[in-house]
Enquirer: 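Here it is: the structure, laid out below.
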Amino acid sequence: MLLLTVLSCATLAAPKAPTATPAAASQLEVARLDQDPVPARILTGEFDGRFVLVPETVVRERGGAPRWWRITTKTDIPADGQPHLVLTSPHQARVEAWTPDKVLPVTRSLYGPDADPGFSTRGLVFPLPGGLAAGEAVYLRVHATSAMPMEVRVEPLARVHRADLVHVAWRSAILVSLLLLSVLALGFWIGIGERSYGYLLLTLFAQAAFFAAVGGEIRMVPGLPDSVLMDPRIPRLIGLVGALASVVFLVHYLDLRDRHPLLARLLMGCGIVFGALVMVTLVATPIWIAHLANLTLLVATVIVMVAAAAGVLRGHRASYFVFFSWLPMLLLLAISIAGVTGPWNAPAWLSHAFPASFVLAGLVLMIGLTDTLQQLRRDRDHASRLATFDGLTGAMSRPAIEARLKAAVEEAHKGRLPLSVVFFDIDHFKRINDDYGHRVGDSCLKIIALRTRNRLRTYDLFGRWGGDEIVVLLPDTRFGEAMGVAENLRSAVNCRPLSIDRHLFQVTLSLGVAELAPGETAEDLLERADAALYASKQGGRDRVSGRPGHQRELAQAGQTL
């Protein structure tokens, strides 16, 4: 999720406070003076003829040297409602206000000793205890470090407090949500070790830090000196770092290096530009950084949307999450840019909807990333199952049954428990393949595997050793009981013919049974079962032969004597 708030710190997409009501806006005239004379000359009216009216009730600064603004009321504003002049979204601006009844200014900013903790961070508030008569003016000396438009309105104290409560509720919900998503990303990153969560963590945390820096909530963090809070580089650095993390996250999450190598290189190029801007911002704040950041952001946004749209058309699941999580942000961003750069003010709900769209996008991408991991887990489990089980018969593969046999032998020796093995194959199976083809032979194997497996207990293990050879592992089973199981398997096959492709086949099994002897290895046990199977072949097929474990003990005893 690319940190679109770089645009905000570059002054093109700053979250705007709710616009003034039409009645309040029609009461005020805003004029600008592109000079900075001493206050005494301004207050005497010497420069009144040089102020230029602006078409809206907005103080639009471009950063740099201080400028003067004049706010004039067209109608009387009575004092009984305790009116206050409010400048919304001040960011790092420092404003000195001279009201008609004051010789000395009231200075306000969101940070430092001029901050007023009695009001929220939605704006700078200046009391008008005597109200304003029609034609009276309030002079403002504004020193802004970045271009942040500030709407001007006059509100009664009750409305100021009510708007502050709404602002605090929304901002708290947004910031807490971003921080909670960051904690979740951190937990997944630590628990799973997937680096995508690390990139998402950095992006989400940078968004929360950026909104807190721009909106003023960062002043609540204990221990931060005023020099840091007032440094215009801080929010820009946070935004650029978040943008860089977002680029890396999207390249990795959308798998662009494999799916769209050219788009991946272009997006990583944007990331390199963001990284370079971080290094420049550490030492200076030239105005061209904002323009280059905006241009790079626009290019990166187009690249991401093209990649996501292409992925959606191809059915790539991750692309769906990126595309639909970005769509609300882009729409709100367009409205915000139009409101900042155009002749009209953005709607009131945008100040909360725009940052809320980042929360929504973070949540959607968190779900999408989890979905991707679940898909990888399903693919891994499927691959593991293919490696563990034979695709034709459903029996365990040879490596799997070998591993289970060795483990069962070790457990039997350790616990002094009985263990038996049945080893069988299909009589004259090669003849079936030669006469009727391998497709019929495969069908024959499937049916026999099904018939025999259905005669086993739930904890018995059934594995294909190779070709038509099957190994059955019988835990906690003595030789005599294993012989009975083998006879049951034999009768399950020869009890009725197999019907395949309108052909009837009378199929039989030859089986060998061996019981584990003390100290015997898995290889020796299977070798004795194979010898018993060979004895069944020699004895005429369709029979069971056995090698009990105590015979091996007797043979060993005879050799010792």
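All values below were derived from every heavy atom in this structure, side-chain atoms included, with hydrogens, water molecules and symmetry-related copies excluded.
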Enquirer: Can you check whether Val312's main-chain N or O pairs, donor with acceptor, with Tyr320's side chain at less than 3.5 Å?
Expert: yes
Enquirer: Where do Val299 and Ile303 land on the side chain to side chain contact (heavy atoms under 4.5 Å, CB included) test, with the steps shown first?
Expert: CA-CA 6 Å; Val299 172; Ile303 294 172; 3.8 Å; yes
Enquirer: Does any non-hydrogen side-chain atom of Leu186 lie less than 4.5 Å from one of Trp189?
Expert: yes
Enquirer: Would you mind reporting whether Val30 and Arg70 have side-chain heavy atoms less than 4.5 Å apart?
Expert: no
Enquirer: Do the side chains of Arg50 and Asp34 get close enough for a salt bridge, i.e. N-O under 4.0 angstrom?
Expert: no
Enquirer: Compute the centroid of each ring, for Phe211 and then for Phe358, and state whether the two points are separated by less than 6.0 Å.
Expert: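 Distance test on ring centres: under 6.0 Å, yes.
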Enquirer: Using side-chain heavy atoms (C-beta onward) and a distance below 4.5 Å, is Val142 in contact with Arg67?
Expert: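 Of all side-chain heavy-atom pairs linking Arg67 with Val142, none is under 4.5 Å.
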Enquirer: Evaluate Trp68 against Arg32 for side chain to side chain contact (heavy atoms under 4.5 Å, CB included), listing each step before the verdict.
Expert: CA-CA 6 Å; Trp68 284 84; Arg32 182 187 70 245; over 6 Å; no
Enquirer: Taking the side chain as everything from C-beta on, heavy atoms only, tell me whether Glu96 gets closer than 4.5 Å to Leu140.
Expert: no
Enquirer: Taking all non-hydrogen atoms of both residues into account, name the closest pair between Gly131 and Ala79 and its distance.
Expert: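 That closest heavy-atom pairing would be N-CB, 3.8 Å.
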Enquirer: Has the side chain of Glu155 got a donor or acceptor atom that lies under 3.5 Å from a matching backbone atom of Pro83?
Expert: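 A pair under 3.5 Å: no.
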Enquirer: Calculate, to the nearest 0.5 Å, the distance between atoms OG1 and CZ belonging to Thr107 and Arg141 respectively.
Expert: 9.5 Å
Enquirer: Check whether any side-chain N or O of Thr73 sits under 3.5 Å from a backbone N or O of Ala134 as a donor-acceptor pair, and report yes or no.
Expert: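 Between the backbone of Ala134 and the side chain of Thr73 there is no qualifying donor-acceptor contact (under 3.5 Å).
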Enquirer: Please evaluate residues Thr121 and Glu217 with respect to the criterion side-chain hydrogen bond (donor to acceptor under 3.5 Å, both in side chains), reporting the C-alpha separation (whole Å), side-chain torsions for both, the decisive distance (0.1 Å), and the verdict.
Expert: CA-CA 7 Å; Thr121 60; Glu217 290 83 5; 3.3 Å; yes
Enquirer: Taking the side chain as everything from C-beta on, heavy atoms only, tell me whether Lys74 gets closer than 4.5 Å to Leu28.
Expert: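 Side chain of Lys74 against side chain of Leu28, heavy atoms only: no contact under 4.5 Å found.
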Enquirer: First locate atom NE2 of His91, then atom CD of Glu61, and finally report the distance between them rounded to the nearest 0.5 Å.
Expert: 13.0 Å
Enquirer: Looking at Arg464 and Asp390, is any side-chain nitrogen of the basic one under 4.0 Å from a carboxylate oxygen of the acidic one?
Expert: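 Yes, this pair counts.
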Enquirer: Taking the side chain as every heavy atom from C-beta outward, state whether Leu157 and His84 have any pair of such atoms under 4.5 Å apart.
Expert: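 Of all side-chain heavy-atom pairs linking His84 with Leu157, at least one is under 4.5 Å.
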Enquirer: Locate the shortest heavy-atom distance separating Ile174 from Ala356; write the atom from each residue and the value.
Expert: CD1-N, 3.9 Å
Enquirer: Answer whether the closest heavy-atom distance between the side chains of Leu277 and Leu292 falls below 4.5 Å.
Expert: yes
Enquirer: Hey, which of Thr281, Leu282, Val280, Leu240 is the one that makes side-chain contact (heavy atoms from CB on, under 4.5 Å) with Arg233?
Expert: Thr281
Enquirer: Distance-only, no hydrogens or angles: does the Asp76 side chain make a donor-acceptor pair with backbone N or O of Ala133 under 3.5 Å?
Expert: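 The answer is no, because no donor-acceptor pair under 3.5 Å joins these two groups.
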Enquirer: Would you call the rings of Tyr199 and His252 parallel, tilted or perpendicular, taking 30° and 60° as the class edges?
Expert: perpendicular
Enquirer: Identify the heavy atoms of Ala115 and Leu110 that sit nearest to each other, and give their distance.
Expert: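 Looking at all heavy atoms of both residues, the shortest contact is CB-O, 3.4 Å.
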Enquirer: Can you name the nearest heavy-atom pair linking Val359 to Ser177, along with the distance?
Expert: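 Heavy-atom minimum between the residues: CG1-CB, 3.5 Å.
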Enquirer: Just to verify, which of Arg108, Arg219, Arg94 counts as forming a salt bridge (charged side-chain N to carboxylate O under 4.0 Å, His left out) with Asp114?
Expert: Arg94
Enquirer: Rounded to the nearest 0.5 Å, what separation is found between the CG atom of Leu85 and the CG atom of Leu124?
Expert: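 The CG atom of Leu124 is 9.5 Å from CG of Leu85, to the nearest 0.5 Å.
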Enquirer: Taking all non-hydrogen atoms of both residues into account, name the closest pair between Ala308 and Ser319 and its distance.
Expert: O-CB, 3.4 Å
Enquirer: Side chain to side chain contact (heavy atoms under 4.5 Å, CB included) between Val247 and Met268: does it pass, once the steps are laid out?
Expert: CA-CA 7 Å; Val247 166; Met268 289 305 296; 4.1 Å; yes
Enquirer: Taking the inter-plane angle between the rings of Phe51 and Tyr139 on a 0 to 90° scale, is it parallel (under 30°), tilted (30 to 60°) or perpendicular (over 60°)?
Expert: tilted
Enquirer: More than 12 heavy atoms of other residues, nucleotides or ligands under 6.0 Å from CZ of Arg404: yes or no?
Expert: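 For Arg404, atom CZ is not crowded (no more than 12 foreign heavy atoms under 6.0 Å).
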Enquirer: Which is it for Glu151 and Leu87 under the side chain to side chain contact (heavy atoms under 4.5 Å, CB included) test, yes or no, and what are the steps along the way?
Expert: CA-CA 6 Å; Glu151 294 189 31; Leu87 274 68; over 6 Å; no
Enquirer: Do the side chain of Thr88 and the main chain of Gly123 share a donor and acceptor less than 3.5 angstrom apart?
Expert: no
Enquirer: Is there a side-chain contact between Leu132 and Val138 in this structure, where contact means two heavy atoms from C-beta onward sitting under 4.5 Å apart?
Expert: yes
Enquirer: Between Ser120 and His167, which heavy-atom pair has the shortest distance, and what is it?
Expert: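 Of all heavy-atom pairs spanning Ser120 and His167, the closest is OG-CD2, 3.8 Å.
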Enquirer: How many angstroms lie between atom CE of Met150 and atom OG of Ser89, to the nearest 0.5 angstrom?
Expert: 9.0 Å
Enquirer: Drop me the distance from Leu263's CG to Leu250's CG, to the nearest 0.5 angstrom.
Expert: 12.0 Å
Enquirer: Does the Ser325 side chain pair with the main chain of Val322, one donor and one acceptor, at a distance under 3.5 Å?
Expert: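 It does hold such a pair.
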Enquirer: Could you grab the distance from atom CZ of Phe205 to atom CD1 of Ile238, nearest 0.5 Å is fine?
Expert: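 Those atoms lie 8.5 Å apart.
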